[in-house]
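Accompanying notes for the structure given below.
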There are 2 protein chains.
Amino acid sequence: MANIRDVADSAGVSVATVSRALQQPERVSPKTRNKVMAAVESVGYKPNLMAVKFRSGKTHNLVVLVPTVANVFFARVISGMQEAAAELGYSILLANTLGNPDIEAHYAKMVSTSQADGLIQLRAQTPLDDSMINDNGLLPMVNACEVIECGKYPVVSLDNRAAANAMTTHLINYGHQRIAMVKGPDSSPLTQDRLLGYQDALAAANIAFDDHLLFPGDFTLQAGYQAGTAISQLPVTQRPTAVFCENDETAIGAMQAFKQAGLNVPNDISVAGFDDIAFSAFCDPPLTTIAQPAEEFGRTAVTLLIDVLNGKIRKAPKVIMPFELITRQSTGPAKHA
Amino acid sequence: MANIRDVADSAGVSVATVSRALQQPERVSPKTRNKVMAAVESVGYKPNLMAVKFRSGKTHNLVVLVPTVANVFFARVISGMQEAAAELGYSILLANTLGNPDIEAHYAKMVSTSQADGLIQLRAQTPLDDSMINDNGLLPMVNACEVIECGKYPVVSLDNRAAANAMTTHLINYGHQRIAMVKGPDSSPLTQDRLLGYQDALAAANIAFDDHLLFPGDFTLQAGYQAGTAISQLPVTQRPTAVFCENDETAIGAMQAFKQAGLNVPNDISVAGFDDIAFSAFCDPPLTTIAQPAEEFGRTAVTLLIDVLNGKIRKAPKVIMPFELITRQSTGPAKHA
DNA sequence: GGTAAAAATGTAATCCGTTACATTTTATAC
DNA sequence: GTATAAAATGTAACGGATTACATTTTTACC
């Protein structure tokens, strides 16, 4: 592979001149510039950007820890990240961690070992073990979507509590009194916040909270299906008339279970989701859900991280993205006894 | 950031000894080893892997050009790639190209500029412009999923023609005579191969091919919905009794349109997909489709590429992955006039 | 033509691990 | 104790681009 010295030799100038001709063309005479360009062409020179990165100490790589890229919501977030990163001259190193702390630690170490400039976490957790903290005591990190608010790192999040409140209120306004909730993993702050929002709405409507109406889940279709099956097997008098699922996959899984059990959505039971993934508009019936600006989450996280890297940020900001309640046909009036 | 020289000073040995203590511990005396380890700890040394990569000329990065990470099938493929790469000590640089040749070229250049060792293409196309061909005239590249068979690069693919034939035959066996096909983008070899398989099956059953039964698509839910709407508006006598969609998203979109038009799936019209994405088992009715080993595609592509990088491959292999026809409830017997 | 300022170009250090080669220390054997 | 082999350690070059600083060339003006 031809290097800058080959170009210099071929053009009959020094390596410094070649470098300048390529980086700051106005700094060399037009005649030299042409000679250099011709030499670049003739020897087939391609700069070794690894050398550039090594020397500059900036990799222009960002590591993103994704619990699972197979989650369509995350896929949208990643898509937004990738766009923003590309615009700003950065690359995304994607780590599919499967929630495994070892894998997370392995990828997070790419920052401390100078293979990446910064880190984006899509999962809430105390930031890794101490061994990967930088000199300044902090890792250049941004936390998005599922955030932990320790105040040390910028976060990009949604007011999950308010969103869950809005959705629960929507169901209450339809006359529902027995509203079940299919949760996400208990370890996730998302789960907690959405649960709180659900409780807020119940309290505001003077509906007693009943923890028999909480069903476990883990954001997968399968978990939704299981919860849906459990719900449909309840005696009619105990059965909720509406189910609020903490994400769309879960809601779609639950709807499937209801249909198989002969329950009509929304006539027998209303179902609501969270995320507004593409499939939600195309399931039967189309799903009422909370739309999150997923791509914007990604874009914002990347932008913030790059600001951190450029020292443009003093104290860790907390960006709250807007949500929108999307009313479709999976929710409707409660059938009163 | 402490470097290896700081460690050497702190331990009172030379940098070579530090390097050996860390890379080949058996090459230094136990006493020295301990001194070095203690020094590493005390100065907080983290090797600059950028320097290592620069010196070795190997980045251990693989660029993957994905048309869109938002496609759930690709998400599964990426997941498999990421696993295999991690096991083999490589990282995945994900490029969401949106099918844009400029973006593709930009990321493909990461190989010629020494930022990545190799490239995986998930979209069939002549490999980029000549400017990024390496000295040997070839780019270290593997083509997966949607392949182009120029014989120069290893490919990992499915026998799409056979799979489409199998699915079409399945529909014919149910007594369907008028079978529509909702295609992918015409530019894609997948579309062509699946169309051929469809035609093979028709021919084998002595059913005349009718290009009025071909509907355009682009693998999105929306395209499926549009095709479904168009089909449902056909006069009953011209309406197909079965629709084979070239991917699951399209099939799900089409089913939605049929339901809205009052058509029952599969009683009025059978629908089949391709890919077996997670949602296909949870839609209503569950979708008959062709399962592809998506994660295995990814794993295989990565393994092959690393073999190429290690010079273990003489001539470009062509790996054909197996498929499986998954029969669910979206297809059924044709209602005969 | 001469001088000073500006522009162009060149020289060489630098980033940080690795490793070939050189040198020193330790172990082994007589 | 000495010679020899083996083990341990050290020295310094190397990879490729950038850039501070030094030097040369050009330009401008009296």
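A, B, ... follow the sequence lines: proteins, then strands. Residue 1 opens every chain.
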Original post:
Quick check: does any side chain N or O of Lys53(B) sit under 3.5 Å from a backbone N or O of Thr59(B), one acting as donor and the other as acceptor?
Top reply: yes
**OP:** Using a strict cut-off of less than 4.0 Å between a Lys/Arg side-chain nitrogen and an Asp/Glu carboxylate oxygen, indicate whether Glu146(A) and Arg123(A) qualify as a salt bridge.
**Re:** no
**OP:** Determine the sole option in Thr97(A), Leu94(A), Leu98(A) for which the side chain to side chain contact (heavy atoms under 4.5 Å, CB included) test with Val69(A) is passed.
**Re:** Leu94(A)
Subject >> Distance below 4.0 Å between Thr32(B) side-chain N/O and dA8(D) OP1 or OP2 >> reply: no
**OP:** Whole angstrom is fine here: how far is it from CD in Gln24(B) over to P in dA7(D)?
**Re:** 14 Å
**OP:** Using atom NZ of Lys58(A) as one end and atom P of dC16(C) as the other, report the distance to the nearest whole Å.
**Re:** 13 Å
Original post:
Rounded to the Å, how far apart are Ile4(B) CD1 and dT14(C) C1'?
Top reply: 17 Å
Subject >> Lys35(A) NZ - dT9(C) P separation (whole Å) >> reply: 7 Å
Original post:
Do any N or O atoms from the side chain of Ser10(A) and from the backbone of Asp6(A) form a donor-acceptor pair under 3.5 angstrom?
Top reply: no
Subject >> Nearest-nucleotide comparison on DNA chain C, the residue closer to the 5′ end among Arg5(A) and Asn3(B) >> reply: Arg5(A)
Original post:
Hey, does the side chain of Ser14(A) come within less than 4.0 Å of dT11(C)'s phosphate (OP1/OP2), counting only N and O?
Top reply: no
Original post:
Taking the side chain of Arg55(B) as its heavy atoms from C-beta onward, which of dG10(D), dA17(D), dG15(D) lies nearest to it?
Top reply: dG15(D)
Subject >> Nucleotide dC14(D), atom P - distance to CZ of Phe54(B) in whole Å >> reply: 13 Å
Subject >> Integer-rounded Å distance: dT25(D) P and Lys31(A) NZ >> reply: 12 Å
Original post:
Given dC16(C), is OP1 or OP2 found less than 4.0 Å from the side-chain N or O atoms of Asn48(B)?
Top reply: no
Original post:
Contact class for Ser19(B) vs. all strands (heavy atom < 4.0 Å): base, sugar-phosphate, or nothing?
Top reply: base
**OP:** When you get a sec, tell me which of dC16(C), dG15(D), dT9(C) is the closest nucleotide to the side chain of Val28(A)?
**Re:** dT9(C)
Original post:
Between dG10(D), dT18(C), dG16(D), which nucleotide has the shortest distance from any of its atoms to the side chain of Ala51(A)?
Top reply: dG16(D)
**OP:** Could you tell me the separation between the CD atom of Glu26(B) and the C1' atom of dA7(D), rounded to a whole number of Å?
**Re:** 12 Å
Original post:
For the side chain of Arg20(A) and the base of dA8(C), is some donor closer than 3.5 Å to an acceptor across the two?
Top reply: no
**OP:** Respond yes when some side-chain nitrogen or oxygen of Tyr45(B) is under 4.0 Å from OP1 or OP2 of dG17(C), and no when none is.
**Re:** yes
Original post:
Does a nitrogen or oxygen in the side chain of Gln23(A) sit under 4.0 Å from OP1 or OP2 of dA17(D)?
Top reply: no
Original post:
Are any side-chain N or O atoms of Thr113(B) and backbone N or O atoms of Pro47(A), one a donor and one an acceptor, separated by less than 3.5 Å?
Top reply: no
Original post:
Checking all strands, does Val13(B) fall into the base, sugar-phosphate, or nothing category for heavy-atom contacts under 4.0 angstrom?
Top reply: sugar-phosphate
Subject >> Nearest-nucleotide pick for Pro47(A), side chain only, options being dC14(D), dA17(D), dT9(C) >> reply: dA17(D)
Subject >> Val15(B) side-chain proximity, nearest of dG10(C), dT18(D), dA12(D) >> reply: dA12(D)
